[in-house]
There are 2 protein chains.
Amino acid sequence: MKNTLVHRLREMILSGELPAGERLTEIGLAEKLSVSRTPVRAALPILAADGFLDTVGKRGYKVRSFDPEQSLQQLELRSVLEGLAARYLAKKGPSTGLIKEIDTCLAEGDAIFSKGYVTEDDEDAYGEMNARFHSLIVDNCGSKPVQEMLAKINNMPFIGPSVLVFNQIGLERAYGMLFRAHGHHHTLAEAIRLGEGDRAEAIFREHGNTQRESLFSRVEASLEERS
Amino acid sequence: MKNTLVHRLREMILSGELPAGERLTEIGLAEKLSVSRTPVRAALPILAADGFLDTVGKRGYKVRSFDPEQSLQQLELRSVLEGLAARYLAKKGPSTGLIKEIDTCLAEGDAIFSKGYVTEDDEDAYGEMNARFHSLIVDNCGSKPVQEMLAKINNMPFIGPSVLVFNQIGLERAYGMLFRAHGHHHTLAEAIRLGEGDRAEAIFREHGNTQRESLFSRVEASLEERS
DNA sequence: CTTTTTATTTTTGTATACAATAAATATCTT
DNA sequence: AAGATATTTATTGTATACAAAAATAAAAAG
């Protein structure tokens with residue numbers, strides 16, 4: 001993304017500087033950000049389309065309130081779409097180059113878990129690999145509409161890959177969770193190789209439950225933080 | 001929608017006045033439409049987000065080329081999401097009021113097909129009822145993310161409910177197609193009533209194939225038209 | 001005192017001017 | 001003449017002024 005202003009506003013919303021429910025006027029934001037109305041006018045519809053803002057009547061926007069239930073639904077939606085992508089990929093059959101890249105991801109994960117525990121550094125490495133693995137599936141599924149939808153979902157608040165951080169839940173718990181998720185990666189890769197579309201889709205849907213667990217932890221942590 | 005300019009541009013794209021691949025500059029469009037750059041500047045990102053335009057580099061947009069394959073993928077994506085909505089609805093159980101509204105749709109459809117044939121007027125009535133039926137499922141599925149995604153898909157070119165018109169394929173063929181689709185509605189309603197989420201989802205996915213057939217016909221017709 | 005109408009204020013919609021940047025062309029050096 | 005560099009041109013980014021519309025407040029009528 002190039003537009004720096006939508007990023008600034010995203011951060012302000014996620015950090016709570018712009019609290020949920022707050023009404024946003026072009027003039028007010030322009031003054032607060034020391035720019036003219038024109039760029040904020042360009043940024044607001046984008047943020048609304050990304051799910052950060054709600055339109056209030058036909059006049060202006062307000063910060064969308066954070067709804068944990070809705071975040072879970074977003075997460076599930078992503079799993080469904082990724083499942084569909086996996087089905088497509090299994091159906092058409094992955095290229096040999098793609099299989100190699102997938103195997104690289106699997107090997108990296110195996111290396112991490114072979115120790116029997118995970119460190120904080122491992123989490124970063126796993127997160128990077130995990131994102132790459134998912135991208136491999138989605139980018140090669142052959143359906144641009146699915147890709148674009150997933151890109152939008154990944155831009156939505158609270159569920160993008162970047163927030164799947166595990167450092168708030170304890171390393172022991174993270175180990176089990178990540179290990180299980182990595183197991184899904186293995187079985188998914190197998191299903192794709194074998195051309196088993198139904199199975200690939202089912203695995204990815206179940207895979208989402210792992211992420212859901214992580215989000216629950218995150219919500220709990222953020223709630224404790226505010227008390 | 002309020003923004004009349006995006007509508008005008010949509011029409012110009014769909015009608016071919018702005019041919020696929022054409023580069024769009026703010027100043028050029030502003031002159032052609034006799035407005036200033038400001039409103040077109042607001043409209044272009046919206047059209048891009050809706051899938052009518054592609055970004056060319058970091059500088060401007062071009063009209064996205066019409067790809068039949070991609071339209072089919074969009075259609076399938078919609079079926080998958082509607083299937084998910086149907087699953088949700090079946091899982092949580094529909095309210096009695098909702099069941100009544102669904103039954104009303106079913107009865108309207110039955111009345112249309114009881115004659116054994118369809119007229120052009122019937123097509124309008126069926127189309128209206130069909131849209132209402134689908135809305136009932138989606139609006140009551142309980143997942144705002146799914147609803148918003150479907151709203152976006154319905155805004156995309158060539159697959160919105162409004163283009164599911166059948167007057168180009170002959171009334172005999174339309175009868176069979178619509179009758180089959182209506183049968184899906186019946187079985188779907190039953191699955192929802194019985195709380196059979198898996199079945200509801202499967203039916204709606206299959207339901208999409210009917211629409212796919214209609215789109216094929218439409219594409220053929222539009223290709224013949226241009227020759 | 002309530003309701004309707006009118007005036008005021010707030011906020012968004014549009015137009016235009018200017019600045020910044022990327023693309024294209026021309027110029028210069030070797 | 002080829003490549004690199006400067007200059008020009010085209011196009012988007014930003015700021016500001018003004019117009020239109022909507023919300024709010026005030027005033028008048030019943």
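Chain A is the first sequence line, chain B the second, and so forth, proteins listed ahead of strands; every chain is numbered from 1.
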Which part of the nucleic acid, if any, lies within contact of Thr25(B), taking any heavy atom under 4.0 Å across all strands shown: a base, the sugar-phosphate backbone alone, or nothing?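 Answer is sugar-phosphate: Thr25(B) comes under 4.0 Å of backbone atoms only.
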Scan Gly60(A) against the nucleic acid and name what it touches under 4.0 Å (heavy atoms): base, sugar-phosphate only, or nothing.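 If one applies the 4.0 Å heavy-atom cut-off, Gly60(A) turns out to touch the sugar-phosphate alone, with no base involved.
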Between [atom2] on [N] and [atom1] on [X], what's the gap in Å once rounded to a whole number?
| X | N | atom1 | atom2 | result |
| --- | --- | --- | --- | --- |
| Ile46(A) | dG13(D) | CD1 | P | 10 Å |
| Arg37(A) | dC18(D) | CZ | P | 14 Å |
| Leu5(A) | dT14(D) | CG | C1' | 11 Å |
| Lys62(A) | dT11(C) | NZ | P | 17 Å |
| Tyr61(B) | dT12(D) | OH | C1' | 10 Å |
| Leu29(B) | dA15(C) | CG | C1' | 17 Å |
| Arg41(A) | dA15(C) | CZ | C1' | 12 Å |
| Glu26(A) | dT11(C) | CD | P | 11 Å |

Closest nucleotide among dT11(D), dA15(D), dG13(C) to the Arg59(B) side chain: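 When the side chain of Arg59(B) is considered, dT11(D) is the closest of dT11(D), dA15(D), dG13(C).
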Pair Arg193(A) + Asp103(A): basic N to acidic O under 4.0 Å: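 Asp103(A) and Arg193(A): salt-bridged.
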Output yes when Glu148(B) and Lys152(B) qualify as a salt bridge under the 4.0 Å nitrogen-oxygen rule, no when they do not.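 Between Lys152(B) and Glu148(B) there is no salt bridge, as every charged N stays at least 4.0 Å from the carboxylate O atoms.
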On DNA chain D, does the nearest nucleotide to Ser36(A) precede the nearest nucleotide to Ile27(B) from the 5' side, or the other way round? Give the residue.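 Nearest-nucleotide comparison on DNA chain D picks Ile27(B).
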Residues Asn130(B) and His185(B): side-chain donor-acceptor under 3.5 angstrom: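 Short answer, yes.
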Could you give the distance from CD (Glu31(B)) to CZ (Arg37(B)), rounded to the nearest 0.5 Å?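 Taking CD in Glu31(B) and CZ in Arg37(B), the distance rounds to 11.5 Å.
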